[in-house]
Amino acid sequence: MDFKAMISDTISAAVSAAFGVEFPAADALPALELPPTADMGDFAFPCFKLAKLLRKAPPAIAETLCAAVTGFAGEVKAASGYLNFYIDREMFARETLAGVVAAGADYGAEDIGNGRVVCLDYSSVNIAKSFHIGHLSTTAIGNALNRMYKFVGYKTISINHLGDWGTQFGKTIAAYKLWGDDDKIKANPVNELMALYVKFHDEAEKDPSLDDLARAWFKRIESGDEEALRIYHWFKDVTLGDVRRVYDTLGIHFDSWNGEAFFADKWGRVVDELREKGLLQVDQGASLVDLSDYKMPPCLILKTDGASLYATRDIATALWRKDEYNFDQTLYVVAYEQDLYFKQFFKVIELMGYEWAKNLHHVSFGMVSLEEGALSTRGGRMVYLEDLLNRSIEKVRAIIEEKSPNLADKDAVAQKIGVAAVLWIPLYNNRIKDIVFSFDRALNFDGETAPYVMYTHARCCSVLAKIASWSGEDYAALSDPQAQDVIRLLYAFPSIVKDAVEKLEPSMITRFTVDLAQAYNRFYFENRILGEAKPVEAARLTLTRATRDVLKTALGLLGMDAPEKM
RNA sequence: GCGCCUGUAGCUCAGUCGGACAGAGCAACGGCCUUCUAAGCCGUGGGCCAGGGGUUCGAAUCCCUUCAGGCGCGCCA
């Protein structure tokens, strides 16, 4: 049942009855609001906007309307300029829960996408570098958005745009040829490669000729030299091995791994096209697109030596993806330090005449730092994702040992919870907030945390496991404030999913899981479920089942797999 | 210097495209397990919503301004 439509019709009728004002359609009325607390009803109609039209004070309008309402299945009250609608408790419970149960895992999955394609560019790790917490936000947010978009009916292409090209590989290979040790690299590939890279930098400060050597090696990669490519692919493979292990732990998969190397030879077309369209200017030897009309610095396209720049290749990538996938939207999940850069290259694509430029979105998010300062490998301020995951999983494992020593599959459960606790870090707050990472905060599992929500889910599962089937619910048994709070949240879930997708904000889902868990835990504390009179028990079991299903769905959208026991 | 972002309780943050007394969690203190998972629940204290102007019936929310912090600003990505 569509409560909103029902109430809008009711209001529309009351307005014309009381004031003789006709609204052509119910949707011409001010929108219904969801009141902040349950005692203010399930829906509220604000009368403030009518005040101007009717030239009466809002509270008076509310009073008059309240008296004019007829045939509403529930209660209506006027309160400080609002008309509050209290839907019949039993009906609200019955209708909402029936909706959740009928839809099952699809509850909240309104088909907004209609099969349209969305490319999501996120995570984008660098070859020969470690996967660290600086990559956590793009990885977790991108993954959540990918799942959210799929959930609402889009076809998604998740893309790991690998950082696998550039002169830094020349440096790494040069360093390897000078000081490398195959056994060390085989034992601990990425750390060893990073150490070589750092050593190269240090030595190059003393001996600039090393940089020439690095450039020469990169040139050999570019020109297909056999030895250079062999080493390059070796380094790439060992790094990807490391990285894939982390992705496997996180439960994250990509449809495409086409990165910088893949697009390294595909940017010529961009330069030609920019030139043909008269957009390219030469300034101090470099080629660029002037953006002063749009109050932005120019977008550099070619270096003085004719080499491409990041924007050149990103534009080429966007054009290639448009041809390949014919996307409706592309989302770039990248930190806000690149805000200006994305505006520039989106604008260049627009100036090239591609109207779809407006469908490229930069999903920006805050920076991660440590309490000691900005992340810096060389400064010793670094937290590697694999270490964080291991510590998180170990801590969960220890808690399980203490609280649930008889649990089966302890390791599998610990992994699910430990991983979720890590994913939670960038998904908990609004994307734009900076994160000052601390192990204490990350590994605190009390309160508004992934383990808390998962615990609530397991609690629901535990109750449900004790009884196979039931029927004959007495929904009037769910009239207490605690049950009603749960039901209100269940009712709100589909609109929260919609909002979260629209705002590209997974944290709205995260917050919802906390709200629902809190509401259910209060309900659980106040009410006995099993062993009550059968119709009461059935109603509370249905509420429990709906809560479990929606928690599972919502956590799933965040990329978290909730165990049934913990 | 210019531009973008952020500023809400001791700490981390919510606050629904202006609306009903500003809400959680953490930390502190005090309660609640012989019954469905205490990784839980309840209670107490804690706020000139950075400061100042303005718009509005109504502002944490919009505009102006000041301050504080972060990020960015042509050959890195």
Whole-Å gap separating P (B:U12) and CG (A:L443):
18 Å
Name the closest nucleotide to the A:R522 side chain, picking from B:A20, B:C41, B:C73.
B:C41
Rounded off to whole Å, could you give me the CZ-to-C1' distance for the A:F512 and B:A24 pair?
16 Å
Are any protein N/O atoms closer than 3.5 Å to N/O atoms in nucleotides 67-71 of chain B? If there are, list each pair with its distance.
residue: B:G70; atom: O2'; partner: A:Y336; partner atom: OH; Å: 2.8

Using a distance-only test with no angle check, is there a side-chain donor-acceptor pair under 3.5 angstrom linking A:D434 and A:Y336?
yes
Inter-nucleotide C1' distance (B:G30, B:G45), Å rounded:
11 Å
Quick test of the criterion, 5.5 Å between centres and less than 30° between planes. Is A:Y452 stacked on B:A39 or not?
no
Distances for protein N or O near nucleotides 34-36 of chain B N or O, under 3.5 Å:
residue: B:U35; atom: O2'; partner: A:R528; partner atom: NH1; Å: 3.4
residue: B:U35; atom: O2'; partner: A:R528; partner atom: NH2; Å: 3.4
residue: B:U35; atom: O2; partner: A:R528; partner atom: NH1; Å: 3.3
residue: B:C36; atom: O4'; partner: A:R528; partner atom: NH2; Å: 3.3
residue: B:C36; atom: O3'; partner: A:K466; partner atom: NZ; Å: 3.4
residue: B:C36; atom: O2; partner: A:L530; partner atom: N; Å: 3.0
residue: B:C36; atom: N3; partner: A:I529; partner atom: N; Å: 3.0
residue: B:C36; atom: N4; partner: A:Y524; partner atom: O; Å: 3.0
residue: B:C36; atom: N4; partner: A:N527; partner atom: O; Å: 2.5

Check: A:R511/A:N430 side-chain N/O donor and acceptor closer than 3.5 Å:
no
Between CG of A:L516 and P of B:A14 the distance, given in whole Å, is 20 Å
Can A:Y82 be said to stack with the base of B:A20, given centres closer than 5.5 angstrom and planes under 30 degrees apart?
yes
Euclidean distance for P, B:G23 against B:A27 (whole angstrom):
22 Å
Answer with yes or no whether the side chains of A:D121 and A:S124 bring together a donor and an acceptor at under 3.5 Å.
yes
Counting only Watson-Crick pairs (N1-N3 plus N6-O4 or O6-N4) and G-U wobbles (N1-O2, O6-N3), all under 3.5 Å, who is the partner of B:C29?
B:G43
When you check the side-chain N and O atoms of A:D290 and A:S292, is any donor under 3.5 Å from an acceptor?
yes
Here the residues of residues 298-314 of chain A within 4.0 Å heavy-atom distance, strictly under, of RNA chain B are A:P298, A:L300, A:K303, A:T304, A:L309, A:Y310, A:R313
Given the C1' atoms of B:G19 and B:U56, what is the spacing between them in whole Å?
12 Å
Roughly how many Å apart are B:G31 and B:A38, using the C1' atom of each and rounding to a whole number?
13 Å
Does atom NZ (A:K565) have a neighbourhood of more than 12 heavy atoms from anything else shown, all under 6.0 Å?
no
For A:I432, which contact category applies under a 4.0 Å heavy-atom criterion: base, sugar-phosphate, or nothing?
sugar-phosphate
B:A68 to B:A59 separation - C1' atoms, rounded to the nearest Å:
23 Å
Let's test this: given Watson-Crick or G-U wobble pairing with both distances under 3.5 Å, identify the partner of B:C13.
B:G23
